[in-house]
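To start, the structure itself, in structure tokens.
Letters A, B, ... mirror the listed sequences (proteins, then strands); counts begin at 1. Computation of the quantities below employed the complete heavy-atom set of this structure, encompassing side-chain atoms and omitting hydrogens, waters and symmetry-equivalent molecules.
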Amino acid sequence: MQSLCYIKLPHSAFPTPHSHIPMTTSSATYTPAEIEAKWQHYWLERKTFKAVDCDPTRPKLYVLDMFPYPSGAGLHVGHPEGYTATDIVCRYKRMKGFNVLHTMGWDAFGLPAEQYAMETGTHPAVTTQKNINRFRQQLQSFGFSYDWDREIDTTDPKYYKWTQWIFTQLYKKGLAYKAEVAVNWCPALGTVLANEEVIDGHSERGNHPVVRQPMKQWMLRITQYAERLLDEGEALDWPAGTKEMQRNWIGKSTGAEVDFQVVGRPEKIRVFTTRPDTLFGATYMVLAPEHALVAALTTPAQQAAVAAYQLAAKSKSDMDRTEAKDKTGVFTGSYALNPVNGEQIPVWISDYVLISYGHGAIMAVPAHDTRDFEFARKFNIPIRAIIRPDVAAAAKAEVSVDAVLAGTACWTGDGEMIASANAEVSLNGLPVDTAMTTICDWLAAKGLGKATTQFKLRDWLFSRQRYWGEPFPVAHLEDGTEKIISDAELPVLLPELADFKPTGTLDPPLSKAKEWLAYTDPGTGRKGLRETNTMPQWAGSCWYYLRFADPHNDQAAWDPAKEKYWMPVDLYVGGAEHAVLHLLYARFWHKVLFDLGYVSTPEPFKKLVHQGLILGISYRDGRGFPVANDKVAHRDGSHFHLETGEELVEYPTKMSKSLKNVVNPDEIVGQYGADAFRMYEMFMGPLTDAKPWNTAGVEGVYRFLHRAWKMIVGPDGALAPQIQDAPLPRDQERLLHQTIKKVGDDYEAMSFNTAISQLMIFVNEFGKCELRNRQAMAAFVQLLSPMAPHIAEELWQRLGHADTLAYAPWPAYDEEKLKLDTLEIVVQVNGKPRGKITVAAGADAAAVEAAAQADLKVQEHLAGKTVVKVITVPGRLVNLVAR
RNA sequence: GCCGGAGUGGCGGAAUUGGCAGACGCGCUGGACUCAAAAUCCAGUGACCUUAUCAGUCGUGCGGGUUCGAUUCCCGCCUCCGGUACCA
């Protein structure tokens, strides 16, 4: 493919268009509303933050926010937290010379819009557009430096055309298939429900019973990528916890599969076990109730009990099953042969064995597995110890070795193999790993089993019985064949249905679109029906970061040259709630696209950061019950119940409508301005920590911005008279250079709260000074600008600069100027600080030590003692150890 | 239960490699300005002891340990938050 890439001149090379908002302001006081409108207008109109494709002259930086679902409620204070952090990084890096890609879009397909539509009769497309407009307006009011020309919307046919195209790529690679899968079917509502809409086996709305109903579903073979998703995730610069969660989700375990011959029948039961070394301890087997062999293995006498159990299991959701604390099960009446010792062991069914993992059947070793132990105890099945517990380990775990050997206690730890031998092989006395390979070799030689690997990860259920999603590019032809829609026929438009309510049958809403449903193959003229399932919300968010590299391309999903230039995403910031699903699905698609040669990197997101939750302030009474904020009176720093007068305790919780502790960012911006809002969000604490919102805290940064303003703007609106070109005194110069270093280092580390502290220290000092060097003021404004860009642009302009400061080179600091002439050294006696001495910066250890010993206070503490040791930390302290 | 993260003043938080705990901000107290208030500015603000100063003792969830020295490292616990759920 030929590159569509071209080099554009930076925006400043073009003449500036006219403007309706005055581009010079002269007010003497800090008026956030006025200057924020002015600069937001300026940036939008001049496209200040346009990312330049394939610019070879600058290093690129792709900084991505998790794009929001544009809900009807608008943004809450949690959204702008991560967005502010990335905006600071972007603005900082532009000044450091990077070509920054920073974009925003809308993950706009999904359930809430459809539900809202059904309640109000408004079409989801209408609600979605309205919500998007609101979100865009809100995000622009924060002054985020997005390249708005790259805005994308997953519900736009120009976008989902390519979502469908990627599906065709997966399909052609054999990674998409249909399978019978149980869905949550609610007969009363006549619809299929998503897992999150089902609570305790009942529908979230209406509380109607929900049953598990098998249905043909599209599945994606993510399991084929399990190993690579695991291995290639290791090296990523992601939070360790997130990588760990993905590892657990993928859930690789190594072990063996073993065949057990059914007694008196031709069938074999295949099981997966991670502990083939415990085969001699297997005293029964368990099949999942849904296992295909259950019918064949059930003896006439057990028929009724087995059927009843199967029925009960069917009506339970996975959740119900796992919440059951007591083990349940039914004997099938059949026996199988333990391959290592030829013993006949009973075959049971129980819902503690899951049909979807391994082979849906297990060998049970009750002596050394807690679940099997509980089951065996309940049903009086023999328990045979084949590991003698390590004495020390057993003592530590408070488990009696004798009890284990007697089969009255369970031991899952290490120990010595016993009673594990047949005529051909013995595991007795072997360590676990050797026993494992020994038995696997024996099983393989006898054709009874082999070493193998299993994953917890399942294939991805990819279809939804919903209206508001991407239609599948698939048609079912009259001759029974399935056709994947050709690229030329894409997009398959979502029909504009007026009625998209559930059909009352298992057919999805799209089956109501009669005209749309009829499909004729443009090549062969063959007729058929379109697929009526839609894709899940994950689909659009699986690749949006790629589209941002080339959002308007109608010839391809993206231009390879642009993809190669911008990818991978250098920094991705978003909530930890997406740690597994979104991030794993996106990695999966990316690897498929990589294998197909459409993208240039095997991993999409180089560095990942999760912002912490912003909590609301809540109150609870003496019994610990929460009290909604509108029922709380505040007096003298204490909190009381409006009705009962009881004193309440303040504590942080997740913001919720019911507690009335949700903070609306629009109100904060309206009252204090976007700059104060942004700074407070960053000042609350470390980005990744959960932290409580306290509106009083906004006052602090708001006051700081006022002080910063007054440091530079005089009472008449002109520059403060203290601002001059005279050189900086030594102390001020040191503070300036310290501040440049500290703020830059903190931005690199995304430690914004400490950068703000340093800027506050700077203003506290310089605000007092009668001489304020103009260059120092300009540098300060630049340091401030990533966090508070509006006030910074305004002050920059007033300091005499004609152009935006967005690309003004970041100030440099001089290591030499950070140094102090004299140092204050702490003198400790036996580790306790007892005095301070002032020494010249270059003083040698002996001189410092002598000065320390000479200090009067130190001498008091040394009285009657002998200094036996002196520890000197250069430039910091002297510790005199005395006896 | 398992996995991950965190416990520091009245509150949010800071502290480089183990080197003055509490930067910065909120709140509070006192003062200046004002007819008064708000705003602003100045000073103080971990606890205890002391009339106060100077000084001293204690202090980073709890109990131990290593070290001249521990918020930081090690061992054992407690509490809170997030994730996960019988994965053989």
Inset, instruction - Check every strand shown and say whether A/Asn753 touches a base, only sugar-phosphate, or nothing at a heavy-atom separation below 4.0 Å. - result: sugar-phosphate
Legend entry - Proximity of A/His706 and A/Tyr30 rings by center, below 6.0 Å: yes
Legend entry - Polar side chain donor-acceptor pair, A/Thr695 to A/Tyr672, under 3.5 angstrom: no
Inset, instruction - Could you check whether A/Ser253 gets within reach of a base, just the sugar-phosphate, or nothing at all, counting any heavy atom under 4.0 Å? - result: sugar-phosphate
Inset, instruction - Name the nucleic acid region contacted by A/Lys832, choosing base, sugar-phosphate or nothing; use a 4.0 angstrom heavy-atom cut-off, strictly under. - result: sugar-phosphate
Inset, instruction - Could you grab the distance from atom CG of A/Leu229 to atom CD1 of A/Ile222, nearest 0.5 Å is fine? - result: 5.5 Å
Inset, instruction - Kindly point out which of B/G12, B/A88, B/C20 is positioned nearest to the side chain of A/Met684? - result: B/G12
Inset, instruction - Side chain of A/Lys327 only, please: which of B/G56, B/A88, B/C86 is the nearest? - result: B/C86
Inset, instruction - Could you work out which one of B/C20, B/A88, B/C86 sits closest to the side chain of A/Tyr352? - result: B/C86
Inset, instruction - Between B/C26, B/A88, B/G69, spot the one nearest the side chain of A/Asn879, thanks. - result: B/G69
Inset, instruction - Any chance you could encode RNA chain B as dot-bracket? Rule is Watson-Crick or G-U wobble with both distances under 3.5 Å; [ ] for pairs crossing earlier ones, | for another strand. - result: (((((((..(((......[....)))((((((.......))))))(((.......)))..(((((..]....))))))))))))....
Inset, instruction - Grab the CG-C1' distance between A/Leu705 and B/C24 for me, whole Å please. - result: 14 Å
Legend entry - Charged tip of A/Lys327 within 45° of A/Phe375 ring normal and under 6.0 Å: no
Inset, instruction - Give one of base, sugar-phosphate or nothing for A/Asp372, where a contact means two heavy atoms less than 4.0 Å apart. - result: nothing
Inset, instruction - Determine whether the side chains of A/Ser356 and A/Arg458 contain a donor N or O and an acceptor N or O closer than 3.5 Å. - result: yes
Inset, instruction - Ignoring the backbone of A/Pro833, work out which of B/C20, B/C24, B/C68 is nearest its side chain. - result: B/C20
Legend entry - Ion pair A/Glu374/A/Arg377, N-O distance below 4.0 Å: no
Inset, instruction - May I ask you to say what A/Arg247 touches in the nucleic acid, namely base, sugar-phosphate or nothing, with a heavy-atom cut-off under 4.0 Å? - result: nothing
Inset, instruction - Using a 4.0 Å heavy-atom cut-off across all strands, classify A/Val826 as base, sugar-phosphate, or nothing. - result: base
Legend entry - A/Thr653: which of A/Ile617, A/Asn661, A/Leu613, A/Leu615 passes side-chain contact (heavy atoms from CB on, under 4.5 Å): A/Asn661
Inset, instruction - Starting from P on B/U40, measure out to NZ on A/Lys710 and report it in whole angstrom. - result: 8 Å
Legend entry - Length of the CZ-P vector between A/Arg707 and B/C42, whole Å: 8 Å
Legend entry - Rounded distance in Å between the P positions of B/G22 and B/A47: 14 Å
Inset, instruction - If the plane angle is over 60° it's perpendicular, under 30° parallel, otherwise tilted; pick one for A/Phe752 and A/Tyr747. - result: tilted
Inset, instruction - In whole angstrom, give the distance that lies between atom CD1 of A/Ile756 and atom C1' of B/C26. - result: 14 Å
Legend entry - Rounded distance (Å) that lies between atom P of B/C68 and atom CD1 of A/Ile871: 7 Å
Legend entry - Nearest-angstrom distance, C1' atom, B/U67 to B/C75: 16 Å
Inset, instruction - Specify the glycosidic conformation (syn or anti) of B/G64, with syn defined as within 90° of 0. - result: anti
Inset, instruction - Give the nucleotide from the list B/A21, B/G19, B/A85 with an atom nearest to the side chain of A/Trp249. - result: B/A85
Inset, instruction - Classify the nucleic acid contact of A/Pro239 as base, sugar-phosphate or nothing, counting any heavy atom under 4.0 Å across all strands shown. - result: nothing
Inset, instruction - Consider the side chain of A/Leu354, meaning its heavy atoms from C-beta on, and name the nucleotide among B/A88, B/C20, B/G25 that approaches it most closely. - result: B/A88
Inset, instruction - Would you indicate which nucleotide in B/A88, B/G13, B/G19 comes nearest to any side-chain atom of A/Pro686? - result: B/G13
Legend entry - Nearest-Å distance for atom pair NZ/P, residues A/Lys836 and B/G19: 17 Å
Inset, instruction - Look at the side chain of A/Glu577 against the base of B/G82 and say whether a donor-acceptor pair falls under 3.5 Å; ignore hydrogens and angles. - result: no
Legend entry - C1' spacing across the pair B/G83 / B/A88, given as an integer number of angstrom: 23 Å
Inset, instruction - With heavy atoms under 4.0 Å as the rule, sort A/Glu699 into base, sugar-phosphate or nothing. - result: nothing
Inset, instruction - Identify, between A/Gln758 and A/His359, the residue whose nearest nucleotide on RNA chain B lies closer to the 5' end. - result: A/Gln758
Legend entry - Electrostatic pair A/Lys741:A/Glu815 at N-O distance under 4.0 angstrom: no
Legend entry - Inter-nucleotide C1' distance (B/C28, B/A36), Å rounded: 23 Å
Legend entry - A/Phe260 CZ - B/A88 C1' separation (whole Å): 12 Å
Inset, instruction - For A/Phe683 and for A/Gly241, locate the closest nucleotide of RNA chain B by heavy-atom distance; then report the residue assigned to the nucleotide nearer the 5' terminus. - result: A/Gly241
Legend entry - B/A6 and B/C73, which share atom name P, separated by this distance in whole Å: 10 Å
Legend entry - Shortest side-chain distance from A/Arg703, nucleotide among B/C26, B/G12, B/G13: B/C26
Inset, instruction - Describe the nucleic acid contact of A/His368 in one word from base, sugar-phosphate, nothing, applying a heavy-atom distance below 4.0 Å. - result: nothing
Inset, instruction - Indicate the atoms forming the closest heavy-atom contact of A/Trp709 with A/Ala28, along with that distance. - result: NE1-O, 2.8 Å
Inset, instruction - Using the C1' atom on both, measure B/C26 against B/G82 and round to a whole Å. - result: 27 Å
Inset, instruction - Measure from the side-chain heavy atoms of A/Pro692 and tell me the nearest of B/G12, B/C24, B/G19. - result: B/G12
Legend entry - Atom-pair distance (CD on A/Glu765; P on B/C24), nearest Å: 10 Å
